[in-house]
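Data block below; observations after.
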Amino acid sequence: MPELPEVEVVRAGLERHVTGATIAAVDVLHDRPVRRHPSGASGFAAALTGRRIEGARRRGKYLWLPLDDGNAVLGHLGMSGQMLVQPVDAPAERHLRVRFALTGTDHGRELRFVDQRMFGGLSVSIGGAELPPEIAHIARDPLDPEFDDDAFVARLRKRTSGVKRLLLDQGLISGVGNIYADESLWRARVHGERPGNRLSRAQAVELLGHARDVMNEALAQGGTSFDALYVNVNGESGYFDRSLHAYGREDEPCDRCGTAIRRVAFMNRSSYYCPRCQSAPRSARPKG
């Protein structure tokens with residue numbers, strides 16, 4: 001699933017290519033991506049036709065396009081969603097779901113929502129130009145200029161859950177997904193099962209710093225692409241997967257100490273860590 005750096009790459013591309021454009025027409029090719037819009041595909045198209053796009057914004061992994069009427073197009077990429085800006089004569093993608101014809105852009109463009117697995121979606125957020133109310137409960141992310149480091153550290157250190165679970169808690173901190181949580185924990189030499197309240201303040205501050213560094217580095221490389229599903233608005237893949245130290249590297253030697261990286265099941269996903277650099281808390285160690 002795309003994580004914060006990947007979504008930010010898409011947001012930046014949208015801001016560059018569609019800001020100021022007017023939505024001339026909307027063609028919904030499959031109803032599922034707009035399933036959250038109360039009046040269905042026809043209502044979704046009617047609400048957006050003729051509206052001017054004022055920018056592109058993000059909260060965690062959600063994107064939204066503020067419109068000139070105070071509403072917004074709210075989107076989530078899900079597991080395989082893509083937002084592509086294409087020439088009008090470009091062939092339709094195999095999994096094209098929604099097509100927006102744009103005017104006011106150079107040579108004419110289309111914004112296309114492509115989604116193979118259709119876990120993502122689009123909706124019209126009423127009054128959501130500044131911040132869609134549907135996502136107001138989501139915490140800020142570490143790349144947000146208004147992220148409160150001290151408040152995050154204090155809240156993290158009061159919780160008894162494992163620190164990886166806390167990094168994935170969108171009410172505490174947004175945008176840190178499975179890949180970047182594992183990478184941040186590896187850099188901080190912290191096991192994901194260590195309870196938040198067993199981290200010193202210095203450790204919590206260091207972990208937050210690593211999370212921010214990892215995401216900034218991934219952002220600079222266009223995100224992390226393991227297959228053809230994640231691309232930016234121009235259809236290009238990111239390259240941060242070549243810089244990963246833990247995630248996806250089961251049985252490979254740790255870049256720091258040479259110990260084989262381990263993989264364990266975690267919340268229907270996987271966690272990767274170095275058993276030597278990231279010693280497990282006693283409660284998480286195998287018995288016997």
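Positions are given from 1 along the sequence. A quick note: this is a predicted structure, and the numbers were derived from the prediction, not measured.
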Minimal non-hydrogen separation, Gly196 against Leu166, with atom names
CA-CD1, 3.9 Å

Look up atom CG in Leu84 and atom CG in Leu14, then write down how far apart they are to the nearest 0.5 Å.
9.5 Å

Could you tell me whether Glu15 and Arg11 make a salt bridge, using a distance below 4.0 angstrom between a side-chain N and a carboxylate O?
yes

Which heavy atom of Leu156 sits nearest to which heavy atom of Ala204, and what is that distance?
CD2-CB, 3.9 Å

What about Phe266 and Trp186, same hydrophobic cluster or not, with Ile/Leu/Val/Met/Phe/Trp/Tyr joined at side-chain heavy-atom distances under 4.5 Å?
no

Measure the shortest side-chain to side-chain distance between Phe100 and Val18 over non-hydrogen atoms and say whether it is less than 4.5 angstrom.
no

Closest contact, heavy atoms only, Gly177 versus Leu168
C-CD2, 3.5 Å

Shortest non-hydrogen pair, Gly258 vs Pro253, comes out as O-CB, 3.6 Å

side-chain contact (heavy atoms from CB on, under 4.5 Å) for His17 and Arg109? Distances and angles first, verdict last.
CA-CA 9 Å; His17 291 290; Arg109 298 281 181 179; 5.8 Å; no

Count the heavy atoms belonging to other residues, nucleotides or ligands that lie under 6.0 Å from CZ of Arg165, then report whether that count exceeds 12.
no

If hydrophobic clusters are built by linking Ile, Leu, Val, Met, Phe, Trp and Tyr wherever their side-chain heavy atoms come under 4.5 Å apart, do Leu63 and Leu74 end up in the same one?
no

Scan for salt bridge (charged side-chain N to carboxylate O under 4.0 Å, His left out) pairs involving residues 72-98, sequence neighbours excluded, and state none if there are none.
Glu93-Arg112

What is the distance from atom CZ of Arg187 to atom CD of Glu206, rounded to the nearest 0.5 Å?
11.5 Å

For residues Val10 and Leu102: do they belong to one hydrophobic cluster (side chain heavy atoms under 4.5 Å, members Ile, Leu, Val, Met, Phe, Trp, Tyr)?
yes

Do any N or O atoms from the side chain of Asn71 and from the backbone of Gly127 form a donor-acceptor pair under 3.5 angstrom?
yes

From Tyr272 atom OH to Arg262 atom CZ, the distance as rounded to the nearest 0.5 Å:
14.5 Å

Close side-chain approach of Ile53 to Leu67, heavy-atom, < 4.5 Å
yes

Start with the C-alpha gap between Glu8 and Met215, add the side-chain angles, then the distance that decides, and say whether side-chain contact (heavy atoms from CB on, under 4.5 Å) holds.
CA-CA 10 Å; Glu8 175 58 21; Met215 289 191 286; over 6 Å; no

Single-linkage hydrophobic cluster Leu143~Leu208, side-chain heavy atoms < 4.5 angstrom:
yes

Can you confirm whether Ser271 sits close enough to Arg263 that some side-chain heavy atom of one is under 4.5 Å from a side-chain heavy atom of the other?
no

Any donor and acceptor pair, going by atom type alone, linking the side chain of Glu110 with main-chain N or O of Ala101 inside 3.5 Å?
no

CG of Asp255 to SG of Cys274, rounded to nearest 0.5 Å, is 10.0 Å

Test Asp115 against Arg32 for salt bridge (Lys or Arg N to Asp or Glu O under 4.0 Å), laying out the working first.
CA-CA 10 Å; Asp115 193 358; Arg32 182 168 172 78; over 6 Å; no

Full working for side-chain contact (heavy atoms from CB on, under 4.5 Å) between Arg256 and Arg189
CA-CA 10 Å; Arg256 193 162 43 214; Arg189 300 176 184 244; 2.9 Å; yes

Ser174 side chain to Gln170 main-chain N or O, any donor-acceptor pair under 3.5 Å?
no

Asp182 with Arg269: basic N within carboxylate O range, under 4.0 Å
no

Check whether any side-chain heavy atom of Trp64 sits under 4.5 Å from a side-chain heavy atom of Ser125, and report yes or no.
no

Side chain to side chain, Thr259 and Cys277, heavy atoms closer than 4.5 Å:
no

Heavy-atom donor-acceptor pair, Asp149 side chain to Val205 backbone, under 3.5 Å:
no

Tell me the salt bridge (charged side-chain N to carboxylate O under 4.0 Å, His left out) pairs involving residues 119-131, sequence neighbours left out?
Arg57-Glu130

For Val26 against Ile23, the heavy-atom pair lying closest together:
CG2-CG2, 3.6 Å

Nearest 0.5 Å please: distance from the CZ atom of Arg51 over to the CG atom of Leu65.
14.0 Å

Do Phe147 and Arg212 make a side-chain contact, defined as non-hydrogen atoms from C-beta onward lying under 4.5 Å apart?
yes

Taking the side chain as every heavy atom from C-beta outward, state whether Glu193 and Leu185 have any atom pair closer than 4.5 Å.
no

Ile135 side chain near His76 side chain, heavy-atom distance below 4.5 Å
no

If Ile, Leu, Val, Met, Phe, Trp and Tyr residues are connected whenever their side-chain heavy atoms lie under 4.5 Å apart, and connections chain through other members, are Tyr180 and Phe152 in the same group?
yes

Do you know the tightest heavy-atom contact between Glu183 and His245?
OE1-N, 2.7 Å

To the nearest 0.5 Å, how far apart are CD in Gln86 and CZ in Arg99?
10.0 Å

Pairing of Asp141 and Lys61 as salt bridge, 4.0 angstrom limit
no

